[in-house]
Amino acid sequence: MKKTPMLLQLALILFCVMAIPTAILTWYSGAQLLQNSEEAIGESTLAGLNANRKLNESALANLAQDTARSAATNVFDRIRNFETFEELNSNYNNVSSALTVMKELMNLNRRVDGTESSYFYLNDSDYVISTDNGITKLERYESISWTTEALEGRRGISGVWVPRKLDSGVNVVSYVYPLNRLSSTTHGLIIVNISESQIGKYLHETEVGDSNHLLLASDGTIISYKDKSKLLTDGYELPFIRDMLTQEPSEGYTFRELDGKRMVYAWSRSSLSGWWNVSWSSMDELMTKSRDMQGNIILLTGAIILLGTVMALVLATWLSRPVRQLVRTIRSKSDLGVVNKNELAFLDMAFKRMQEEEDSLFQLLQEREQDTRSLAVHRLLRGEIPPRITEVFPEACYRIAVVSIDQYRVYVGNTNVETRSYHRYLLNTKYESFFPEGIQARSVYHNDGCIVIVLNFAPGEDERSSGLIHQALEKVGDQSLALLEHSVTIGLSNLADAPEMVAQRLFEAMELIKQRMINGAGSIMYWEDEGENSRKYIDFDCSERRILNFLDAGNLDGIFKELQSIRCQISSEENISYDNIMFIYHQLIGATIKHLRENHIGTGRMIMGKGNIYTILAAMDTLDELEEYLHEIIREILQSLDRSTGETNHGERIIHYLKEHYREEIVFEDMAKEIGISYSYMRKIVYELTGNSMIDYLNQLRIEKAKELLLDTDLTIKQIAAEVGYHNVQSFNRFFRKYEGMPPSSYKSAKSKSS
């Protein structure tokens, strides 16, 4: 690429940046368009089905309400005493009352479109009053015996809807409403017949194309369907209907193949009547526009890519012109010795040369622009006496305060480098402002979460301001906790009356920080001179031996109790040193690892990924942390010992199997089944035992055997390849070169010459 002209590189980049995302976006948008179109069609079909269902339910509910209101009037009470047709026709008044009932029924017919007929039957009478045959004897009208069965499952005082076929051959849905004591003193039935064709209109209100709609009773009987021959038959016999309606959801949609066409089916069950509304439509028709749109998008994308190619060439020429002019100018004025390189490679070399020169100049300037105060403090802490020290520390006395962040490893794990730098800058600024007048404080970051505050004051000022210094250190602790969300431990050194003693006082303050292990985190500690033999040394050889015995026995509870005993004894000692504590725990870790190795137990896998254990121990702040860390390590050692026993047995079987069958074509999955473990577990064991993958270890076995045959036999290369399990010489040569760095023939010649 470095020899390709920049113009072509830039054109290619511009084309890829434009064409690849455009093609991916087109493919993705087309796929999403079809997917979303199908989902939208399914949702729309279900929404239309629900709209039709609600329209039908509303019409039927209105009819039921109108029937109930008619029953609540006193119209039907006028004929309740006339049980025979002769009584009803005996005088004008009786006939007039019957006509009033018929008029009410006709009004009821007019309130809902599609009402075929309605009639009233007085209980135990021999006549009916109807809108189609007027007042007639029951024997001349259709039978009403079906109403008895229809009313058997009725609940409450409302009527029931019954799909049926009239004697005239018209399919209707009849509403049977029995008068009751709450609505009338008359006992009888009001039957209203709505034609099936009217219900079909409600159900087909929002259908488009070749959509179909089906209305079924709760038992699957077809109530309304465009194929009239199937009315009042079992709707579950139709394709897919039983599968859909026996599912758990009461509504939904699905896609099915019917007669080579992809169809969308939607179903919804009425919560009022329990009837099922089902519709289905051809997806081929509904998706026509979406597929046409997808094709147009593909064509448009192709045109855009073609146009973009031309634009990429034009833009590349225009954008690269200043760079090419710059390269010509640099080449004419300097000789960088760069040949056969394109413009970008030439500029890269030129800028690197300039960067090297700039870095050297910056390094010189940086040494002169160091902050004088911070540099002086750092030099003073190292034991050096900086020039013009009196400008920074004008007084003769010093004390050193070290502020150490507790649980520093946790703090580092929860923050990034930029955040920690900001915290250091902010704390250094705040710390210097906390100390009272007369005590000059200079704060610098030291290392590992420690900030050093150098206090400078006049002789005698320390005793007068000791209380103020303590208050200032408490502010330091509070402010650090608020900002860092971590407490800090503060160690304050003894008095130094000369700058040469500052480094020693820093050592004292750092030693105080170590006592955090004993005194606890978040404390303020002051240096006190101690006698030479004031520190007591404690040894735990007996505890160490007991822990190793518990380890051999696999007694985890015994180990934990022994560690707890060690911690309690350390806590009870007043003069134990930090170094003694760390030695105790280092000794426990070291003795444990040594004991395992003496028993030929590998420790690498047990402590793998934990880093330097001794460094981690040294970073612990409290005895509780030390004990918890040792708990974790010992628990993992015991768990690893349990696992290693089983893995060793499996490992021996795996290695033996490979050495026995390396000449054959081994199927590793079948091999794992034969051994009785999973394939992934077998790969893990081989890698841990050999450091190689299964295939690499197998090939190494084959190559080692091939090396023996090359040196000890007169077999040809082809014969040796077949002998060690390779089906062709090319594969054998490739793997031999991979592991030995040379082909088999060269290896044999080299060994022959050396011998």
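As a basis for the values below, the full set of heavy atoms in this structure was taken, side chains included, without hydrogen atoms, waters or symmetry mates. Here the structure is a predicted model, which means the values were calculated and not measured.
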Salt bridge flag under 4.0 Å for residues Arg78 and Glu104: no
Under 3.5 Å: donor-acceptor pair, side chain of Ser731, backbone of Asn728: no
Evaluation steps, side chain to side chain donor-acceptor pair (under 3.5 Å), between Thr186 and Asp77: CA-CA 6 Å; Thr186 305; Asp77 294 341; 2.5 Å; yes
Backbone of Val410 reached by a side-chain donor or acceptor of Asn414 within 3.5 Å: yes
Salt-bridge criterion met for Glu57 and Arg53 (N-O under 4.0 Å): yes
Side-chain heavy atoms of Ser118 within contact of Ile190, under 4.5 Å: no
Closest heavy-atom pair and its distance - Val172, Ser195: CG1-CA, 4.0 Å
Main-chain N/O of Glu87 paired to Asn94 side chain as donor or acceptor, under 3.5 Å: yes
Test item: side-chain donor near acceptor, Asn109 and Thr131, under 3.5 Å: yes
Side-chain H-bond candidate by donor/acceptor type, Asp167 with Tyr141, under 3.5 Å: no
Residue pair Tyr177 / Ala71: nearest heavy atoms and the distance that separates them: CE2-CB, 3.5 Å
Evaluation steps, side chain to side chain contact (heavy atoms under 4.5 Å, CB included), between Glu142 and Arg164: CA-CA 12 Å; Glu142 67 172 359; Arg164 64 193 187 92; 2.9 Å; yes
More than 12 heavy atoms from other groups under 6.0 Å of CG on Asp124: no
Polar side chain donor-acceptor pair, Ser268 to Asn50, under 3.5 angstrom: yes
Min side-chain heavy-atom separation Trp280-Arg256 under 4.5 Å: no
Expected output: side-chain Arg269 to main-chain Gly274 donor-acceptor under 3.5 Å: yes
Basic-acidic side-chain contact under 4.0 Å: Lys228, Glu196: yes
Derivation and outcome, side chain to side chain contact (heavy atoms under 4.5 Å, CB included), residues Trp146 and Ile191: CA-CA 12 Å; Trp146 58 271; Ile191 293 92; 4.2 Å; yes
Audit row: His213, Asn277, side chain to side chain contact (heavy atoms under 4.5 Å, CB included) steps and yes/no: CA-CA 7 Å; His213 204 291; Asn277 291 66; 3.7 Å; yes
Aromatic contact, Tyr253 with Tyr265 (centres under 6.0 Å): no
Distance, nearest 0.5 Å, that separates CD1 of Ile199 from CG of Leu55: 11.0 Å
Rounded distance (nearest 0.5 Å) linking atom CG of Asn171 with atom OG of Ser224: 9.0 Å
Verdict with reasoning, Leu60 to Trp161, per side chain to side chain contact (heavy atoms under 4.5 Å, CB included): CA-CA 9 Å; Leu60 297 181; Trp161 291 96; 3.6 Å; yes
Glu664, CD atom: more than 12 neighbouring heavy atoms under 6.0 Å: yes
Side chains of Lys261 and Leu258 in contact at under 4.5 Å (non-hydrogen atoms): no
Spacing of Ser279 atom OG and Met263 atom CE [to the nearest 0.5 Å]: 10.0 Å
CG on Leu189 to CG on Leu151, rounded to 0.5 Å: 6.0 Å
Side-chain donor/acceptor of Thr690 to backbone N/O of Asn692, under 3.5 Å: yes
Those residues that, when tested against Ser168, pass side chain to side chain contact (heavy atoms under 4.5 Å, CB included) (two or more places apart): Leu166, Val170
Heavy-atom donor-acceptor pair, Ser125 side chain to Tyr121 backbone, under 3.5 Å: no
Over-ring placement of Arg683 relative to Tyr679, 6.0 Å and 45° cut-offs: yes
Candidate pair Glu86 and Lys137, rule salt bridge (charged side-chain N to carboxylate O under 4.0 Å, His left out), full reasoning: CA-CA 10 Å; Glu86 286 76 10; Lys137 281 191 174 184; 3.4 Å; yes
Donor-acceptor contact present, side-chain Thr67 to main-chain Leu63, <3.5 Å: yes
Shortest non-hydrogen contact between Ile144 and Thr147, atoms and distance: O-OG1, 2.6 Å
Backbone N/O of Phe85 and side chain of Asn89: donor-acceptor pair under 3.5 Å: yes
Pairwise side-chain contact, Phe120 with Ile79, heavy-atom cut-off 4.5 Å (strictly under): yes
Pairwise side-chain contact, Tyr225 with Leu215, heavy-atom cut-off 4.5 Å (strictly under): no
Check against side chain to side chain donor-acceptor pair (under 3.5 Å), Ser96 and Asn93: CA-CA 5 Å; Ser96 177; Asn93 290 331; 6.0 Å; no
Under 3.5 Å side-chain donor-acceptor pair for Asn699 and Tyr726: yes
Least distance between heavy atoms, Val192 atom then Leu108 atom: CG2-CD2, 3.6 Å
More than 12 heavy atoms of other groups within 6.0 Å of Tyr687 OH: no
Leu105 CG to Thr100 OG1 distance, which is reported to the nearest 0.5 Å: 11.0 Å
Test applied, side-chain contact (heavy atoms from CB on, under 4.5 Å); reference residue, Val128; option that passes from Asn133, Ile135, Thr136: Thr136
Side chain proximity check, Tyr175 to Val162, heavy atoms < 4.5 angstrom: no
Side-chain (Tyr127) to main-chain (Phe82) donor-acceptor, under 3.5 angstrom: yes
Separation between OG1 of Thr233 and NZ of Lys230, rounded to the nearest 0.5 Å: 6.0 Å
Over all atoms of both residues, closest heavy-atom pair of Pro178 and Gly159: CD-CA, 4.4 Å
Note, Arg111 side chain near Asn62 side chain (heavy atom, < 4.5 Å): no
Donor-acceptor contact present, side-chain Ser58 to main-chain Lys54, <3.5 Å: no
Within 6.0 angstrom of Glu628 CD, more than 12 heavy atoms from elsewhere: no
Residue His661 excluded, over 12 heavy atoms near NE2 under 6.0 Å: yes
Lys165 and Leu231, any side-chain heavy atoms less than 4.5 Å apart: no
